[in-house]
Structures are given as C-alpha cells and as structure tokens.
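Have a look at the structure below before the remarks.
Reckoned from all heavy atoms, side chains included, excluding hydrogens, waters and symmetry mates. By convention here, the first residue in the shown sequence is residue 1. Keep in mind it's a predicted model, so treat the numbers as computed, not measured.
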Amino acid sequence: MAGTDDQVPPPPSSHSLEKQFESFRVQLEESAALREQIRAVVMEIESSTRLIQANLLLVHQSRPIPEVIEKAKEKINDLKKFYGQLAEILRECPGQYYRYHGDWRSETQAVVSQLAFMHWLETGTLLVHTEAEEKLGLNSLEFGLETEDYLTGICFMSNDLPRYVVNRVTAGDYDCPRKVMNFLTDLHAAFRMLNLRNDFLRKKFDSMKYDLRRVEEVYYDVKIRGLISGGDQGIQGQQS
C-alpha cells in the first residue's frame, strides 16, 4: 500500500495554480482585445451594407435600375477595404480564423445577398462564388468567403425576388415574372444537388421553394390574364 501511495501525484501547489490562471487571464484579455478590433470593422461592414440595401430598395419603387445600381456600387470599395482590414487583423493570429469567423458570419451573408441582387439586376444571372470573392478582395488561401456563407447569402437574395416581381408587374413589366421564375427554378434545382447538413442553411433553402411558388403564382396570374407579350416561352432558363 505504501508503494501505491507513493505513485499518487501531489496536489498542485498554489504557485502552479496561479501561474496557470495567469496564463488564462492573458489569453482571455488578448482574445477580447482582438474581438473588439474585429467588431469595430464588422460594424463598418454592417453600416455599408445597410446603405447598399437602402439604395436597392428603390428598385421596388420603379426607379431606373442603372441609376439605383450605380448608387449602390459606391459602397463596394468600402466593403473591400473593410474585409482587407479583417484579413490584416487575422493575419496577426495565424490559425485562429475559425475561432473568430462567427463574429462576421451574418454580416457577410447579408453582403453576399446584396451583391448577388445587384448582379442579378444587371445581368439576370447568378453571382458565382469566385466573383463574390473578387468583389470583396478576398483570397481563398488566406481569408476567403466560406461556401456556407455564400450559399446562405444567395438564399437571402431569393427572398427579395417575389416582392420585386409584384412591383414590376404593377409597373407594367409583365415579362418579369417569367424571367424571375426561370432563374429561381434553375437556382432551386442547383441547390437540390447539395447534401445540406447545416440546419440554418437548409431552412433558408426551404424558404427558396416558397419564393419560387409566389413568383409562379404571379406568372400564372399574368398569363391567364393574357398580359404576356410574345407568347408563352415557358421555363427555359433565365433570359435577358
């Protein structure tokens, strides 16, 4: 029994406890200071995104799309600058990207949504992942746009389309529902290729189905009323 007692490690001394918790204190203070730096930049991103969104809301009032987009684009360079600042902050603590990623996740999803909506208004096509990274000056090897953030942002963007369709029809653009329906049909089919394990992203994807349904209802209503010019072109993909 005496031999067994000799193998029991001694309790930590008061000095070793103090040393350990002093280390914890330093780590927590450094992390809090880093988060304050990140949060300051994220607040700037959030502010610029709100201004872009405020400008884009004007498309629902039948304002000229080029005019609205030109105004909204003025803030993209600011976003690029702010993401550069985030990358610089994270460069000082290598290997900690995913520890702090949640601090700018939702803001980035909103940014992608606005950029994708602008791109669709201009081109009638989807803003792809690499284009979104390029607009924000991101580099996949160092500080990139997470795939799930991009996909969630695209889902948010689809939520804007039913309202846009209704307002365009009210303004007399009866071909808009067909274009948006074709785009959302293709986008929804592309998302169905994915095995979504993120619960939040899966729920946002489910909402896209209802966005598509609302646009389809507007399209069929316009079609029944005989307001579509040039005949029924069906669902053949987004056309300009």
Open item on the list: For Gln53 and Arg50, which I'm curious about, is there any donor-acceptor pair between the side chains at under 3.5 Å?
Closed with: no

Task: salt_bridge(Arg202, Asp199) N-O dist < 4.0 Å - done: yes

TODO: Could you tell me whether a side-chain N or O of Ser31 sits under 3.5 Å from a main-chain N or O of Leu28, the two making a donor and an acceptor?
DONE: no

Task: Shortest non-hydrogen contact from Ile89 toward Val41 - done: CD1-CG2, 4.0 Å

Task: Residues Glu30, Arg35: salt bridge by 4.0 Å N-O rule - done: no

Task: Trp104-Tyr97 aromatic ring centre distance below 6.0 Å - done: yes

Task: Partners meeting side-chain hydrogen bond (donor to acceptor under 3.5 Å, both in side chains) with Asp221 (sequence neighbours left out) - done: Arg225

Open item on the list: Taking Tyr220 as the starting point, is it possible to reach Leu212 by hopping between hydrophobic residues whose side chains are less than 4.5 Å apart?
Closed with: yes

Task: side chain to side chain contact (heavy atoms under 4.5 Å, CB included) evaluation trace for Cys176 with Tyr164 - done: CA-CA 9 Å; Cys176 180; Tyr164 176 73; 3.7 Å; yes

TODO: Would you check if the side chain of Gln96 reaches a backbone N or O of Cys93 as a donor-acceptor pair within less than 3.5 Å?
DONE: no

- [ ] Check whether any side-chain N or O of Thr123 sits under 3.5 Å from a backbone N or O of His119 as a donor-acceptor pair, and report yes or no.
- [x] yes

Open item on the list: Looking at every heavy atom in both Val165 and Pro177, which two are closest together, and how far apart are they?
Closed with: CG1-CG, 3.7 Å

Task: Listed partners of Phe205 passing ring-ring contact (aromatic ring centres under 6.0 Å, His included), at least two apart - done: His188, Phe191

Open item on the list: Could you check whether Glu217 pairs with Arg213 (Lys NZ or Arg NE/NH1/NH2 to Asp/Glu carboxylate O, under 4.0 Å)?
Closed with: no

Open item on the list: If hydrophobic residues (ILVMFWY) are linked whenever their side-chain heavy atoms come closer than 4.5 Å, directly or via other members, who joins Phe200 in its cluster?
Closed with: Phe156

TODO: Identify whether the distance between the nearest side-chain nitrogen and carboxylate oxygen of Arg39 and Glu107 falls below 4.0 Å.
DONE: yes

Which pairs would a plain distance check flag for residues 71-84, meaning a side-chain donor or acceptor within less than 3.5 Å of a matching protein atom at least two apart in sequence or in another chain?
from, atom 1, to, atom 2, distance (Å)
Lys73, NZ, Glu122, OE1, 3.4
Lys73, NZ, Glu122, OE2, 2.8
Tyr83, OH, Thr108, OG1, 2.7

Open item on the list: I'd like to know if the side chain of Ser113 and the backbone of Gln109 have a donor-acceptor N/O pair within less than 3.5 Å.
Closed with: no

Task: Backbone N/O of Ile52 and side chain of Gln114: donor-acceptor pair under 3.5 Å - done: no

Open item on the list: Please give me the minimum heavy-atom distance between Thr152 and Glu148, naming the atom from each residue.
Closed with: OG1-O, 2.8 Å

- [ ] Please report the C-alpha distance between Leu187 and Met208 in whole Å, then the side-chain angles of each, then the deciding distance to 0.1 Å, and finally whether the side chain to side chain contact (heavy atoms under 4.5 Å, CB included) criterion is met.
- [x] CA-CA 9 Å; Leu187 184 60; Met208 188 187 297; 4.0 Å; yes

TODO: Go through the steps to decide whether His101 and Asp149 satisfy the test side chain to side chain contact (heavy atoms under 4.5 Å, CB included), and finish with yes or no.
DONE: CA-CA 10 Å; His101 169 241; Asp149 291 343; 2.7 Å; yes

- [ ] Decide yes or no on side chain to side chain contact (heavy atoms under 4.5 Å, CB included) for Tyr174 and Tyr219, but give the supporting numbers first.
- [x] CA-CA 8 Å; Tyr174 302 121; Tyr219 169 74; over 6 Å; no

Task: ring-ring contact (aromatic ring centres under 6.0 Å, His included) involving His129 - partner list, sequence neighbours excluded - done: Tyr150

Task: Cluster overlap Leu161 with Leu58, hydrophobic side-chain contacts below 4.5 Å - done: yes

Task: ring pair (Phe, Tyr, Trp, His ring centres under 6.0 Å) contacts in which one or both residues fall within residues 22-44, not counting sequence neighbours - done: Phe21-Phe24

Open item on the list: If only side-chain N and O atoms count, and only distance matters, is there a donor-acceptor pair under 3.5 Å linking Ser16 with Gln20?
Closed with: no

